[in-house]
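Below you'll find the structure, written out as structure tokens, and then a few comments.
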Amino acid sequence: MSKEYNVAILGATGAVGRRMIDQLAKSTIPVKSVKLLASSRSAGTHLKFRDQDLVVKETTPDSFDGVDLVLSSAGGSVSKKFLPEAVKRGAVCVDNTSAFRMDEDVPLVVPEVNPEALKNHHGIIANPNCSTIQMVMALEPVRRKFGLKQIIVSTYQAASGAGQAAIDELKKESQAYLDGKNMQEDAHILPTKGDKKHYPLAFNLLPQIDVLEDSGYSHEEWKMIHETKKIMLNDMNSKDIKVTATCVRVPVPIAHGESVYFTVEDESATAQDIMDVIADFPGDVLQDDIKNQIYPQPINAEGSRDTFVGRIRPDYENPGAFNMWVVSDNLLKGAAWNTVENAEYLVKMGLI
């Protein structure tokens with residue numbers, strides 16, 4: 001008889017947490033029990049797991065007694081406070097915040113890309129940033145077959161990357177605009193809650209995601225650069241692949257888009273070669289039929305676990321260089337599903 005696992009979901013009432021509950025219910029993990037945890041504000045909320053009606057409990061260190069697996073998406077400060085406590089009590093944690101991503105002792109894992117990194121865990125596994133996940137999903141088959149020298153990415157990131165409140169704010173601003181009212185009155189969250197000024201996203205573009213650093217890059221751009229290197233090369237500061245990013249918030253509710261320009265080592269590679277390896281890669285869906293205007297769109301990616309890739313074409317000015325367009329549901333593959341999928345791999349690999 002296979003082992004069954006006691007699972008806790010930390011941050012259960014959030015946009016990602018609710019999707020974790022759903023993805024866990026659809027997963028191959030043998031679940032014995034589920035404990036839903038959140039802040040005192042959300043305690044008492046009723047949520048369903050399969051056919052069970054569960055009450056959300058306030059998180060305390062003792063919440064993790066008897067828990068085998070923790071799936072977490074409650075914010076970095078909450079993860080730093082509680083996940084070490086869960087590990088002390090014998091749990092393995094998969095964390096969807098930025099709290100541990102750059103810790104040398106914590107694997108940063110996209111299961112299709114670097115599952116072997118899970119073997120090095122010490123109780124905590126980090127989920128990468130949502131925009132990083134879909135980019136490495138699209139580029140990993142290319143890297144394996146043709147090598148990668150450089151990546152230049154521009155993101156078109158959905159409001160949901162800043163949480164359900166940002167989606168609600170986008171809707172309010174949109175209605176205000178249509179009613180001829182001042183959208184600024186509804187702007188309280190974006191571009192980032194922790195900065196001094198806030199701007200409307202509706203009918204607008206915000207070239208800032210997370211705080212702006214002295215380098216001129218936003219922290220989101222910094223994350224994409226260094227997470228990509230850690231995932232692909234196991235070294236966040238490696239010079240073997242050059243990476244740069246521009247991250248932009250766009251007025252789309254769910255699913256990020258990315259324009260990715262990349263250079264391969266094997267200059268004999270063709271656009272069709274690139275399409276072929278992507279089409280064969282688990283979790284990638286090739287949508288590239290320009291004669292019939294078939295290409296990835298956020299509105300079609302919402303609700304899917306897959307990463308959609310299209311508009312693959314060569315840069316005719318530079319041998320070995322290509323462009324592609326990548327879209328994925330940032331709340332699923334970019335967050336909830338990648339977290340649960342990491343847990344599935346832990347179970348399959350006997351690491352929990």
Side-chain angles (χ1 to χ4, degrees), residues 10-11 14-17 20 69-87 91-137 139-140 151 153 155 157 160-163 192-194 209-213 215 217-238 241 243-245 247 256 258 307 328 330-343 345-346 351:
L10 179 59
V16 173
M20 281 183 181
L69 172 66
V70 178
L71 307 175
S72 173
S73 190
S77 60
V78 176
S79 289
K80 285 180 179 178
K81 179 180 180 180
F82 287 113
L83 295 195
E85 293 290 339
V87 173
V92 176
C93 309
V94 187
D95 184 43
N96 187 54
T97 77
S98 60
F100 302 100
R101 288 176 187 158
M102 293 295 104
D103 189 320
E104 288 185 4
D105 293 326
V106 175
L108 184 67
V109 184
V110 179
E112 296 89 345
V113 176
N114 62 329
E116 68 286 345
L118 291 169
K119 296 175 183 176
N120 301 319
H121 84 77
H122 302 285
I124 298 175
I125 294 93
N127 232 30
N129 189 40
C130 46
S131 48
T132 304
I133 289 174
Q134 68 186 67
M135 186 175 76
V136 299
M137 280 291 295
L139 286 175
E140 179 61 12
I151 304 165
V153 58
T155 71
Q157 292 178 232
S160 54
T192 181
K193 208 169 183 180
I209 300 178
D210 213 323
V211 294
L212 294 169
E213 301 180 340
S215 64
Y217 283 80
S218 69
H219 193 56
E220 183 85 354
E221 291 158 353
W222 185 94
K223 285 186 282 189
M224 286 199 75
I225 292 165
H226 295 286
E227 288 180 17
T228 299
K229 293 172 184 245
K230 183 174 179 180
I231 295 163
M232 288 185 161
L233 304 169
N234 199 33
D235 178 0
M236 64 176 281
N237 295 308
S238 174
I241 299 176
V243 186
T244 192
C247 295
H256 294 343
E258 295 176 348
T307 299
S328 191
N330 57 296
L331 298 178
L332 287 182
K333 183 53 182 169
W337 167 234
N338 200 77
T339 303
V340 173
E341 191 182 16
N342 268 320
Y345 271 67
L346 288 167
L351 298 172

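Quick caveat, the model's predicted, so the values are computed rather than measured. Start at 1 with the first residue, then count along the sequence.
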Could you go through the side chain to side chain contact (heavy atoms under 4.5 Å, CB included) check for Ile124 and Val87 one step at a time?
CA-CA 8 Å; Ile124 298 175; Val87 173; 3.8 Å; yes
Yes or no on side chain to side chain contact (heavy atoms under 4.5 Å, CB included) for Ile241 and Thr228, after CA distance, side-chain angles and deciding distance?
CA-CA 9 Å; Ile241 299 176; Thr228 299; 5.8 Å; no
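Taking each heavy atom of Ala91 and Leu69 in turn, the nearest pair found is CB-N, 4.5 Å. Asn127 and Ala335 get closest at one heavy-atom pair: ND2-O, 3.0 Å. The minimum heavy-atom distance between Thr132 and Met224, with the atom names listed, is OG1-CA, 3.5 Å. Smallest separation of non-hydrogen atoms from Ile151 and Met135: CG2-SD, 3.8 Å. Scanning all heavy atoms of the two residues, the minimum distance from Ser72 to Ser79 falls at OG-OG, 3.2 Å. Contact record, Ala245 with Tyr217: O-CE2, 3.7 Å, taken as the closest heavy-atom pair.
Inter-residue side-chain proximity for Met236 and Leu108 is flagged as unmet; no heavy-atom pair is nearer than 4.5 Å. Counting only heavy atoms from C-beta outward, the side chains of Asp235 and Lys229 never approach each other to under 4.5 Å. Contact annotation: the side chain of Ile133 never approaches that of Glu227 to less than 4.5 Å [non-hydrogen atoms, C-beta and beyond]. A 4.5 Å side-chain heavy-atom check between Val136 and Pro128 finds every atom pair outside the cut-off.
Residues in residues 102-125 take part in these salt bridge (Lys or Arg N to Asp or Glu O under 4.0 Å) pairs, two or more places apart or across chains: Glu112-Lys333.
Remark: the Ser328 side chain and the Gln134 side chain contain no N/O donor-acceptor pair separated by less than 3.5 Å. In summary, the side chains of Thr192 and Asp210 do not present any donor paired with an acceptor at a separation below 3.5 Å, with no hydrogens or angles considered.
Residue Leu71 holds its CG atom at 7.0 Å from OG1 of Thr339, rounded to the nearest 0.5 Å. Taking CG from Asn330 and SG from Cys130, the interatomic distance works out to 5.0 Å, rounded to the nearest 0.5 Å. Of the inter-residue distances, the one linking Asn114 atom CG with Asn120 atom CG reads 10.0 Å to the nearest 0.5 angstrom. Between atom CG of residue Leu331 and atom CG of residue Asn338 there is a gap of 13.0 Å, rounded to the nearest 0.5 Å. Here CD1 of Ile209 is found 9.0 Å from NZ of Lys223. Values are rounded to the nearest 0.5 Å. Here His121 contributes atom NE2 and Leu346 contributes atom CG; the two are 5.5 Å apart, rounded to the nearest 0.5 Å.
Ring orientation note: the planes of Trp222 and His219 are close to parallel, at an angle under 30° on the 30°/60° scale.
When Thr97, Val70, Val106 are each tested for a side-chain contact (heavy atoms from CB on, under 4.5 Å) with Leu83, only one passes: Val70.
Asn129 pairs by the side chain to side chain donor-acceptor pair (under 3.5 Å) definition with Ser131, Glu220, not counting sequence neighbours. Taking the side chain to side chain donor-acceptor pair (under 3.5 Å) definition, one finds that Glu221 meets it with Ser218, sequence neighbours left out.
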